[in-house]
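Taking it in order: structure first as structure tokens, then the write-up.
FYI, side chains are in, hydrogens and waters are out, and symmetry mates aren't considered; it's all heavy atoms of this structure. Nothing fancy with the numbering, it's 1 onward along the sequence.
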Amino acid sequence: MGVYMKNLLSMLLVFSFLFTIGCEDDEATESEFNPLVGVWNMTSIVIESEGTTTIDADDDFNMVIIFNEDGTFSNQGAFDGESHSETGTWSTSENKLTIITDDVAEGEETDIWDYTLSGNSFLSMTIAENEDGYDFTYTYNFTKG
């Protein structure tokens with residue numbers, strides 16, 4: 001092999017190595033991004049039990065939840081006119097959203113929500129609970145912004 005071919009082969013190997021490294025970095029960055037990260041404003045709550053009740057967000061029922069890249073969250077708002085706020089951690093696995101709240105008075109609480117995203121701008125979170133022998137399903141709807 002001549003000097004020209006050795007140099008060409010060396011340059012091709014270097015470029016292919018750099019290209020491979022560059023592609024691996026891009027893929028890692030994309031996989032680390034979670035579309036839940038950001039500020040979400042509640043638009044409504046749907047409560048299902050022996051019927052369905054929809055409560056649109058207003059001054060008495062509202063919530064803003066912020067999912068941070070580091071796996072922490074905070075929310076604040078009002079439920080039935082009373083102020084409410086929480087902080088804690090969050091994680092996802094498939095269509096499950098695990099939220100662990102830090103509550104000084106009641107201790108740590110873990111809730112696992114089913115969630116769906118429509119595009120990157122509409123979030124729906126649903127959880128089923130039994131309260132005093134009655135089954136309830138709560139669905140919170142949010143828009144990003």
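For the atom pair Leu123 CG and Leu117 CG, the distance stands at 5.5 Å (nearest 0.5 Å). Atoms CD1 and CD1, from Ile47 and Ile55 in turn, are 4.0 Å apart once rounded to the nearest 0.5 Å. Between atom OG1 of residue Thr98 and atom CD1 of residue Ile112 there is a gap of 4.5 Å, rounded to the nearest 0.5 Å. Atom OG1 in Thr89 sits 6.5 Å away from atom CG in Asp102 (nearest 0.5 Å). Between Asp58 atom CG and Met42 atom CE the span is 8.0 Å, to the nearest 0.5 Å. Rounded to the nearest 0.5 Å, atoms OG1 (Thr92) and CG (Asn34) are 4.5 Å apart.
When all heavy atoms of Pro35 and Trp40 are compared, the closest pair comes out as O-CZ2, 3.7 Å. Across all their heavy atoms, Met125 and Phe142 have their closest contact at SD-CE1, 3.8 Å.
Pairs of residues two or more places apart, or lying in two chains, that qualify as ring-ring contact (aromatic ring centres under 6.0 Å, His included) and include a residue from residues 73-96 are Phe67-Trp90, Phe79-His84. Among residue pairs with one or both ends in residues 109-130, those qualifying as salt bridge (Lys or Arg N to Asp or Glu O under 4.0 Å) are Lys96-Asp114; sequence neighbours excluded.
Tyr140 and Tyr138 have tilted rings, their planes meeting at an angle from 30° to 60° on a 0 to 90° scale.
Looking only at side-chain heavy atoms (C-beta outward), Thr72 and Thr87 stay at 4.5 Å or farther from each other. Two residues are said to be in side-chain contact when any heavy atoms from C-beta on lie closer than 4.5 Å; Asp56 and Ser44 meet this criterion.
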Determine, stepwise, if the pair Thr116 / Asn95 fulfils side-chain contact (heavy atoms from CB on, under 4.5 Å).
CA-CA 7 Å; Thr116 56; Asn95 70 328; 5.8 Å; no
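With hydrogens and angles ignored, the 3.5 Å screen pairs no side-chain donor or acceptor of Asn68 with any backbone N or O of Asp70. A side-chain donor-acceptor contact under 3.5 Å links Lys144 to the backbone of Val37. At least one donor-acceptor pair under 3.5 Å links the side chain of Thr43 to the backbone N or O of Asn141. Formation of a donor-acceptor pair under 3.5 Å by the Ser124 side chain with backbone atoms of Tyr115 is not found in this model.
Phe136 and Phe61 fall within a single hydrophobic cluster, where Ile, Leu, Val, Met, Phe, Trp and Tyr side chains are chained together by heavy-atom contacts under 4.5 Å.
Each of Thr139, Val46, Thr137 was evaluated against Thr52; a single residue qualifies, Val46, per the side chain to side chain contact (heavy atoms under 4.5 Å, CB included) test. Partner Glu86 forms a side chain to side chain contact (heavy atoms under 4.5 Å, CB included) with one of Ile99, Ile65, Asn75 and no other, that one being Asn75.
More than 12 heavy atoms of other residues, nucleotides or ligands shown are found within 6.0 angstrom of CD on Glu131. Other residues, nucleotides and ligands contribute at most 12 non-hydrogen atoms within 6.0 Å of the CG atom of Asp59.
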